[in-house]
Amino acid sequence: MTSLAQLLKPLDPNQPLPLYQQLQRAIREAIEQHLLGPDDALPSERQLAEDFAVSRITVRRAIEGLAEEGWLVSRQGSGNFVCSRVEKNFAKLTSFSEDMRARGRHPHSVWLNRSQGTVTPDEALKLGLSPGTLVYRFHRLRFADQAPMAVECATFVASCMPPLEEIGESLYVALEKMGNRPVRALQRLRALLLNSEQAKLLEAKTGDAGLLVERLGYLRDGRAIELSQSYYRGDMYDFIAELSAGS
């Protein structure tokens, strides 16, 4: 049976990068290249130490670091597994696609609806827009590999994006082309129970736990251009934030 070490680049003790960090990089590459998939078990620490010709302390340190980063999860009595849940750093302004690729997952979307129209009173209030302002609305189902992860409803100021027919799968790429990618955002996280429509789209059950993330994105000049609501499966997504003590 082919070992993980045979599929990846060997570790080099002559490199300035410590061996445990080289091993971390090798395992990340295995996940990114789909040599290891979600919920796949890693070889034992002993086996990894033998295969990569390093100490078990080096292996343990590498695995602990990958677990802290959200790549791996340790299950007592069972070993170490590739994490099937996705961790989203709530403190970083990144797109869904960027989050998935950072975890070695393949992101894609299925459009449910995309349209243009004038701003509603609620949208006008939240985005600070005048009545009659043109906006684009996007409703889509977001996937990681083949698993449905979120139902997203987003409203963008039309003048900040290309024409609707020219917008592809990535809305943030479309914004970047116009020089209008948000630089900061306010996000609100709320727990909820999935309704029948959301559950059907997310291949869950009505009443299953879900997470609602509301985002209001701003340009550098302070204008709000993005208002979105994303409904996530509660059993597949974790939101994390790094906190520091105040002065």
Side-chain angles (χ1 to χ4, degrees), residues 1-109 142-150 169-170 172-173 187 189 211 213 232-245:
M1 184 177 178
T2 303
S3 71
L4 196 57
Q6 291 174 306
L7 297 173
L8 301 172
K9 296 177 182 177
L11 308 186
D12 184 357
N14 297 316
Q15 278 194 18
L17 193 67
L19 286 172
Y20 82 92
Q21 291 185 2
Q22 291 185 45
L23 181 56
Q24 286 178 337
R25 183 172 60 187
I27 295 174
R28 282 193 207 98
E29 289 178 356
I31 297 171
E32 290 172 346
Q33 295 169 13
H34 301 287
L35 300 175
L36 291 170
D39 277 328
D40 280 356
L42 253 63
S44 67
E45 290 184 4
R46 179 185 60 79
Q47 189 64 53
L48 285 171
E50 292 180 3
D51 290 345
F52 285 93
V54 294
S55 70
R56 290 185 66 172
I57 293 176
T58 296
V59 171
R60 189 170 298 119
R61 188 173 182 185
I63 288 174
E64 288 174 352
L66 290 169
E68 289 176 2
E69 294 173 8
W71 292 90
L72 302 176
V73 59
S74 295
R75 298 173 185 167
Q76 190 171 4
S78 299
N80 299 296
F81 296 81
V82 178
C83 191
S84 61
R85 297 176 67 92
V86 175
E87 287 192 349
K88 162 66 177 174
N89 190 331
F90 221 45
K92 292 183 179 180
L93 182 53
T94 53
S95 70
F96 175 89
S97 295
E98 290 166 341
D99 292 338
M100 294 304 106
R101 292 192 185 102
R103 289 291 175 255
R105 310 288 285 274
H106 173 67
H108 67 101
S109 301
R142 313 302 304 270
F143 287 81
D145 299 324
Q146 300 305 312
M149 302 292 291
E169 185 169 313
S170 175
Y172 269 37
V173 167
Q187 294 193 131
L189 175 66
L211 295 168
V213 177
Y232 292 88
R233 281 182 54 161
D235 62 340
M236 298 185 71
Y237 225 85
D238 289 330
F239 287 86
I240 61 172
E242 181 176 347
L243 306 177
S244 58

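In this text, all values refer to a predicted model and were calculated from it rather than measured experimentally.
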With A49 via side-chain contact (heavy atoms from CB on, under 4.5 Å) - residues at least two apart: R56, V59

Residues in side-chain contact (heavy atoms from CB on, under 4.5 Å) contact with R28, at least two apart in sequence or another chain: Q24, R25, L66, E69, W71

Under the side chain to side chain donor-acceptor pair (under 3.5 Å) test, residues paired with E45 that sit two or more places apart: R60

Separation between OH of Y232 and CG of L189, rounded to the nearest 0.5 Å: 10.0 Å

Spacing of CD belonging to Q21 relative to CG belonging to L23, to within rounding of 0.5 Å: 11.0 Å

L48 versus P43, closest heavy-atom pair with distance: CD1-O, 3.6 Å

Backbone of L17 reached by a side-chain donor or acceptor of Q22 within 3.5 Å: yes

Residues which pass side-chain contact (heavy atoms from CB on, under 4.5 Å) with S74, listed by chain and number, not counting sequence neighbours: N80

Contacts of S55 that satisfy side chain to side chain donor-acceptor pair (under 3.5 Å) - sequence neighbours left out: T58

Distance in Å, L11 CG paired with D51 CG, rounded so as to fall on 0.5 Å steps: 10.5 Å

Listed partners of E64 passing side chain to side chain donor-acceptor pair (under 3.5 Å), at least two apart: none

L42 versus V82, closest heavy-atom pair with distance: CD1-CG2, 4.2 Å

Closest contact, heavy atoms only, A41 versus L36: O-CD2, 4.4 Å

F96 to F143 - nearest heavy-atom pair and separation: CE2-O, 3.4 Å

Partner residues of S109 under the side-chain contact (heavy atoms from CB on, under 4.5 Å) criterion, sequence neighbours left out: R140, R142, E169

Listed partners of Y172 passing ring pair (Phe, Tyr, Trp, His ring centres under 6.0 Å), at least two apart: none

